Each structure stands twice: as structure tokens, then as C-alpha cells.
Amino acid sequence: MVSWGAVMDADDTLQHPHPSPLGRAAYDVLVVGAGHAGTEAARAAVALGARTALVTLRDDRIGEMSCNPAIGGLGKGQLAREVDALGGWMGQAIDRTGIQFRLLNASKGFAVQAPRAQADRHLYREEITRRVRKLDGLELVVGAVEELLVDEGRVVGVRLGTGERLEAHAVILTTGTFLAAVMHTGESQSSGGRVDEGSVSGVSRTLRALALPLGRLKTGTPPRLSADSIDFEQLEAQGGDATPTRFSFVADAGAFPALEQVLCHVTYTNERAHAIIRENLHRAPMYAGRIAGVGPRYCPSIEDKVVRFAERERHQLFLEPEGLATDVVYVNGVSTSLPAEVQEEFLRTIDGLARARFLRHGYAVEYDFVEPRALAPTLAVAAVPGLFLAGQINGTSGYEEAAGQGLLAGANAALWATGRPPFVLGRHEAYLGVLVDDLVVSQPTEPYRMFSSRAEHRLRLRHDNADLRLVERGRAIGLVDDERWNVSEARRARLARARDVLARARVDGRPAAERLRRPEVTLDTLGVDFDELAPEDRVTLEADVKYAGYLARQDRAVERLERDGERALPAGFDFLAIQGLRREAAEKLTLLRPHTLGAAGRIAGVNPPDLALLAIHLDRRRRAGTPTER
């Protein structure tokens, strides 16, 4: 069983929680922020029996989609399904409020396919808000957190702007883009992490006082246009799948999809638009030096696209409706912080947008984050007992990344506050494991986003089998309820019966399973009857058969990882004292403090010879009887 001491640099007090020094705390877990990370954290903590409170600046913005009105995508769809498999809300919420469902990379291999759904952003927010308000055991508090309460280096609660003190054994910060946040549009600046909302400055002061490593990052959001001002006849229509893919493994009793399905539309920038952008680069905050934070390289602003890809004559844009009862259209692909008049000028050169009417101009947000090297694999701050972090405060971006971190932080905060062992997923078990492991051995210079290419075991970590991988893990600690467990067990039984049928079946005198391994043969063309299999069962069965050889190879790799890569590096290990270890490697290891030999190997600047030398030193310590556990 994993202990807290095995995953954190801390003394024994972290392994056995004790009451708050301020007296009996009102809560076991206090969650700050009610976005995608905060709501999943609160649900997970309540599921594990923790007395929980959720603090939010505004109770009409719970579960808000601040930017793109969509869930899923490459790498991100897998995360959303894993959150669902562990009892989270995101999958069921998007299934109820999605207005276009598409399986991305459907023509490619199963390992890189991923679901994505356009959401009615207002209904999605209402769905999450409804779930928060009806969750027994959760107290919702509206207020601004101005300070973390600290006693002898341990976080014991928060102080609100009203002066009220809320005490808790564990505090989870899910503050998104609101820490010391500044919004930029051209030369204009204003305080806030989102339009019509404020900024939180006191928390950053506390974090600095706790000597945590803080940095600045930047994100941006595109303009919103009025649908009645767009000439859709000039645009390429893009519909959803005829047979949509659910996100949740637990199906609602009603019809799916639950809502009317809509079209998105595609258009492109042009040379004239690029020329206008280039002529005004000096007015863009990033290029004028008014923003210090770095934006996401994988989702660049339109200004960055024009500069970095100067040879390209056009860039693709997606016009996405934000809901069924609104005429707001989200311009995906035009993240920008140029002055409002420049945004209007260049967008109106684009096909279909000549008469575009702006409902909101694009803007950038610069905000504080904590460098995730300060975290343990539980998403606890290793040096500050009682403090957990999830979401953009950890240097990530994306709703799905935030929800996954929130779920894990909520579970671990509840487990820690109530004296139970931690919950940690390995890289071979889940994209969530990849996400956390990437974070705790990194020093991000840009917001982190999940991609399928980050997962070396992606053949195993498919979106279709997230429940088979994780429901049992979640059930063991209390995250998964009876309904989800029964659905998963029924699916396991169906697949077991189908595998028996396949093992006995022969096609043209040859074993059916052998024939199915051929690339051109699918389960639908195999000629074997599997009456009771649901569409997703068929995907899982076919993928497991086709990838059988590769999966066996990955199993062997995982065994080697567990044997060698999961060897613990002792707390306080003096890397600089190891003779022969390259200076660059020693400095990176000292800065990032990896917890295992495998984690050390994933640090940029640490090479295989460095790992071999570390392994030798671990062996010497073991032979000498020196403790190696953390």
C-alpha cells in the first residue's frame, strides 16, 4: 500500500493528519474555486466522506466554460472519459448538453481516436450548478478568498474578503486564471481573470510568503460574433457524427443526444487579414512587452500564427455556436489581444464575416501560477502540509486537464484529512497518471496541454476502455457509486462472453480471432454474430484483438518500469555529490526533485547514462543498509 511518506517530501506529521491547531476545523476539505477543477474536487471529497465546502466568487458562474464551448479532443477526450470512469461529472454533463458530437481521428488507429462535443455552454453551466447544489454533504460559500490561514507552516483554512475565517484540515486551490490576473486588449488593461469578474491578489501573497515558486502565464480567448451578421452561405458546413459517441459510461434513460444537433462552419484567414495584423503588431500586448507571461505554443494567438508561420497564406477558423438559445458564435482559431478596432478590421476581410457584428472582442489574461515541481504526485504541495493545487494554478490549460486534476486533488485531500493512504495513478494506468507525472517533473514555460503523443502506453490507454481500467480503482477508495460499478461489471461480463464466442468461432476454416488481426478486417465484416454487444463494446473487443501483440509488449515494458523505474529516490538525496554525474543533470534533479528513477528519466537534460549512475548509487545505498524510501 502506498503511504504518504512514499509520495511526499515531508515529516511524519503528513502521514497521520491531526486536528487544526486553531481547534476542531469546520471542514475536512475546503475547495477554493468552482470551475471544472473545483467542482470535480468537491464531488470527489464528498464521495470519500469528507466534510467539504466549496468557495466561489459567484454562484452564477459555477462550471463556467470560460473559453471554447466544447469538451474533449485529442488526448483531452481520453481525460474526460477517465474522469467519468472515476465517478466525475464532466462526461454526464456534456452528454446532456452537447449540441454536436464527433469522434476525432475516426479513420486512424483506435489509440489516437478521441471524442469531442460542442456544448450549449449555458446549459452545461446549469447542469454542473444543479449537481453542486444538490450534492449532500457539500456547503457552497460565496465570497472572495483573500488569504490562506497558516499555522506553523501548515495551511489550516482561508480568510474571506469579509474577514470571515473558514478552517479546514486541507485546502485545495483551483483558482484558474484569477491569481493576480490582468486582462489585455490592445493598450487597454483591466484587473480580472474573466470578463465582468475580478482578480484575487491576496492568495498570491500568501503563496510567496510560503516560499513557493510562482511564475506568470498567459492565455487568450477569441472574439464572439452575432450569428445573424455572418453569411453562412459562403462557409463550409461541418456536421457531427451520424452515430455519436457518448462521454459517460453510465447512460441516461432518455434519448441520446438529448438536444438538437447543430452545424459548425469553417472559413479561413487571408493575406489581407495577415497584412493588417502585421501592421498592428506593435499594439499587441505580447509584442509591445506589456505581458510577461508565456502563452500556449500549441494554441497560438492569431498574431503568433502570422509571425511564426509567415509562409502560410491562410489559417483555418471554426465558427462554433455557443448554444441553442443564443446567437453568440465563438471564432475558434482567432485568439487575440489586438485592439478592438484592429480585430474588427481584419476579421471583416474573411469570407462570410464582411458584416460581422462583435458581441465581445478577444482578450488575453495574464495570471500567476505555482511551478508544479512544488507538487507531490498526490497534487499536494510537498513543503506545505494541508495545501493541494489543481487546474491552471499548476501551469496547465484546458477544461479536461483541470477536471482530472480536481478529481485527484479532491480525493487525495479527503484521504489525507481523514487519515487514509493516498490515491496515485501510474503512467501505464491512465492519461491522468501521465498528466500528473509530467507536471511534477517539469518546470513549464508555457501552459501544459494533454496530447495522445505524451502517453507512451496509449495503445492501452484508449478512450473506449477507460472504465475497464479505472472503475475498480475508483471503487476501492469510494469514488465510484453502485450504479457506475454495476454498469461496468455488466460490460465486463458482455465482453468476456464475446471473447469466448470469438475464441471458438472459425471463418473460412481459420480461427476468427486470427482473421480479425488483419488490418482490412473489422468486427462488422468478420461474419461472427455478437448480438448483445453495444457499439462501444465492439470497439473495445476489436481494438484488444488487433493490438494483442503490441499490448503484450507494453505489458512487459510496464513490468520493467515497475521493477526499475518505480525505484524511489530518497528524500534529500544529494545529486550534486554523486561523482561522475553531469552537472546539468545534477542541477535539474536538485531543482525538480523527482520521486522515482523513472520520473528522473523524464526530465529534460537527464540522459540514460545519468540514470544508470543513479541506479548504481541506489544499489550501493541498499547494500550499505542506507534507507532509500522517501
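Note that the coordinates shown come from a computational prediction; the quantities given were computed from them, not determined experimentally. In what follows, residues are counted from 1 in the order of the sequence shown. All values below come from the heavy atoms of this structure, side chains included, with hydrogens, waters and symmetry mates left out.
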request  = Spell out, as yes or no, whether a donor-acceptor pair under 3.5 Å connects the side chain of Glu322 to the backbone of Val328.
outcome  = no

ask   = Does the side chain of Arg460 come within less than 4.5 Å of His428's, by heavy atoms?
value = no

message = Please give me the minimum heavy-atom distance between Asp252 and Arg96, naming the atom from each residue.
response = OD2-NE, 2.8 Å

task = Let me see the working for Thr396 and Met450 under side chain to side chain contact (heavy atoms under 4.5 Å, CB included), right down to the final yes or no.
result = CA-CA 9 Å; Thr396 65; Met450 178 55 68; over 6 Å; no

query = Rounded to the nearest 0.5 Å, how far apart are OG1 of Thr175 and CD1 of Ile172?
reply = 12.0 Å

inquiry  = Whether Arg133 and Asp59 form a salt bridge (side-chain N of Lys/Arg under 4.0 Å from carboxylate O of Asp/Glu) is what I want to check.
reply    = yes

query = Does Arg491 come within less than 4.0 Å of Asp537, counting only side-chain N to carboxylate O?
reply = yes

request  = Give the minimum heavy-atom separation between Gly239 and Leu263, together with the two atoms involved.
outcome  = CA-CD2, 3.6 Å

message = Could you report the tightest heavy-atom contact between Leu479 and Leu86, atom names first, then the distance?
response = CB-O, 3.4 Å

query = Are Glu126 and Arg130 close enough for a salt bridge, meaning some N to O gap below 4.0 Å?
reply = no

ask   = Can you find a pair of side-chain heavy atoms, one from Leu30 and one from Thr52, that are under 4.5 Å apart?
value = no

key: Separation between CG of Leu439 and CG of Asn394, rounded to the nearest 0.5 Å   = 6.0 Å

inquiry  = Is a donor from one side chain sitting under 3.5 angstrom from an acceptor on the other, for Asn465 and Thr540?
reply    = no

query = Quick one: are Gln113 and Thr245 in side-chain contact, heavy atoms under 4.5 Å?
reply = no

ask   = Is the shortest heavy-atom distance from the side chain of Glu197 to the side chain of Arg61 under 4.5 Å?
value = yes

ask   = For the side chain of Gln100 and the backbone of Gln238, is there at least one donor-acceptor N/O pair under 3.5 Å apart?
value = yes

request  = Give a yes-or-no answer on whether the side chains of Asp120 and Thr97 include a donor-acceptor pair shorter than 3.5 Å.
outcome  = no

key: Ion pair check, Arg116 and Glu320, cut-off under 4.0 Å   = yes

query = Checking Arg154 side chain against Gly386 main chain: does a donor-acceptor pair fall under 3.5 Å?
reply = no

message = Under a 3.5 Å distance rule, please check whether Asp241 uses its side chain to pair with a backbone N or O of Thr243 as donor and acceptor.
response = no

request  = Please examine the side chains of Thr221 and Val195, heavy atoms only from C-beta on, and report whether any two atoms are closer than 4.5 Å.
outcome  = no

message = Centre-to-centre under 6.0 Å for Phe101 and Phe256, is that the case here?
response = yes

remark   = For Leu214 and Glu371, the nearest pair of non-hydrogen atoms, with its separation, is O-OE2, 4.3 Å

query = Between Arg602 and Gly598, is there a donor-acceptor pair closer than 3.5 Å when you use the side chain of the first and the backbone of the second?
reply = yes

message = Could you walk me through whether Leu389 and Leu387 satisfy the side chain to side chain contact (heavy atoms under 4.5 Å, CB included) test, starting with their C-alpha distance in whole Å, then the side-chain angles of each, then the deciding distance to 0.1 Å, before giving a yes or no?
response = CA-CA 7 Å; Leu389 309 178; Leu387 182 59; 4.2 Å; yes

task = Examine distances only and state if a side-chain atom of Arg373 and a backbone atom of Val441 form a donor-acceptor pair shorter than 3.5 Å.
result = no

Distance-only donor-acceptor pairs under 3.5 Å for side chains of residues 63-73, two or more places apart:
unit_1, atom_1, unit_2, atom_2, d
Glu64, OE1, Arg125, NH1, 2.7
Glu64, OE2, Arg121, NH2, 3.0
Ser66, OG, Arg194, NH1, 2.5

query = Is the backbone of Phe249 close enough, under 3.5 Å, to the side chain of Asp84 for a donor and an acceptor to pair up by distance?
reply = yes

request  = Say whether Tyr27 and Glu139, considering side chains only, have a donor N or O and an acceptor N or O under 3.5 Å apart.
outcome  = yes

ask   = So how far is it from Glu400 CD to Leu435 CG, rounded to the nearest 0.5 Å?
value = 11.0 Å

task = Under the side chain to side chain contact (heavy atoms under 4.5 Å, CB included) rule, what do Leu103 and His463 come out as? Steps first, then yes or no, please.
result = CA-CA 11 Å; Leu103 184 67; His463 78 89; 3.8 Å; yes

Carboxylate-amine/guanidinium contact Asp464 Arg469, below 4.0 Å = no

inquiry  = Donor-acceptor check, side chain of Gln405 to backbone of Gly391, threshold 3.5 angstrom: yes or no?
reply    = yes

task = Answer yes if the side chains of Ser248 and Asp95 hold a donor-acceptor pair under 3.5 Å, and no otherwise.
result = no

request  = Evaluate the side-chain proximity of Thr219 to Leu217: yes if any heavy-atom separation is below 4.5 Å, no if none is.
outcome  = no

request  = Output yes when a side-chain donor or acceptor of Arg492 lies under 3.5 Å from a complementary backbone atom of Leu468, and no otherwise.
outcome  = yes

request  = Verify side chain to side chain contact (heavy atoms under 4.5 Å, CB included) between Leu54 and Val141, making sure each step is shown before the conclusion.
outcome  = CA-CA 6 Å; Leu54 176 63; Val141 179; over 6 Å; no

query = If you round to the nearest 0.5 Å, how far is OG1 of Thr177 from CD1 of Ile393?
reply = 11.5 Å

inquiry  = Determine whether a donor-acceptor pair (N or O, by modelled atom type, separation under 3.5 Å) exists between the side chain of Asn486 and the backbone of Asp482.
reply    = yes

task = Please name the pair of heavy atoms, one in Leu425 and one in Ala430, separated by the smallest distance, quoted to 0.1 Å.
result = CD1-CB, 4.1 Å

task = List the steps and the verdict of salt bridge (charged side-chain N to carboxylate O under 4.0 Å, His left out) for Asp467 and Arg484.
result = CA-CA 9 Å; Asp467 60 329; Arg484 194 174 301 269; over 6 Å; no

query = Below 4.5 Å, heavy atoms only, C-beta onward: do Val112 and Leu74 meet side chain to side chain?
reply = no

ask   = Rounded to the nearest 0.5 Å, what separation is found between the CD atom of Glu429 and the CD atom of Glu82?
value = 10.0 Å

key: Side chain proximity check, Asp544 to Arg499, heavy atoms < 4.5 angstrom   = yes

query = Going by the angle between their ring planes, with limits at 30° and 60°, are His36 and Tyr124 parallel, tilted or perpendicular?
reply = tilted

task = For atom CD of Glu472, decide whether the heavy atoms of other residues, nucleotides or ligands shown that lie under 6.0 angstrom number more than 12.
result = no

query = Hey, what do you get for CG (Leu324) to CD (Glu260), rounding to the nearest 0.5 Å?
reply = 5.5 Å

task = Return the minimal non-hydrogen interatomic distance between Gly143 and Val55, and the atom names on each side.
result = O-CG1, 3.6 Å

key: Residues Arg458 and Gln78: side-chain donor-acceptor under 3.5 angstrom   = no

query = Pick one: which of Arg449, Lys76, Gln392 meets side-chain hydrogen bond (donor to acceptor under 3.5 Å, both in side chains) with Glu401?
reply = Lys76

Glu489 with Arg475: basic N within carboxylate O range, under 4.0 Å = no

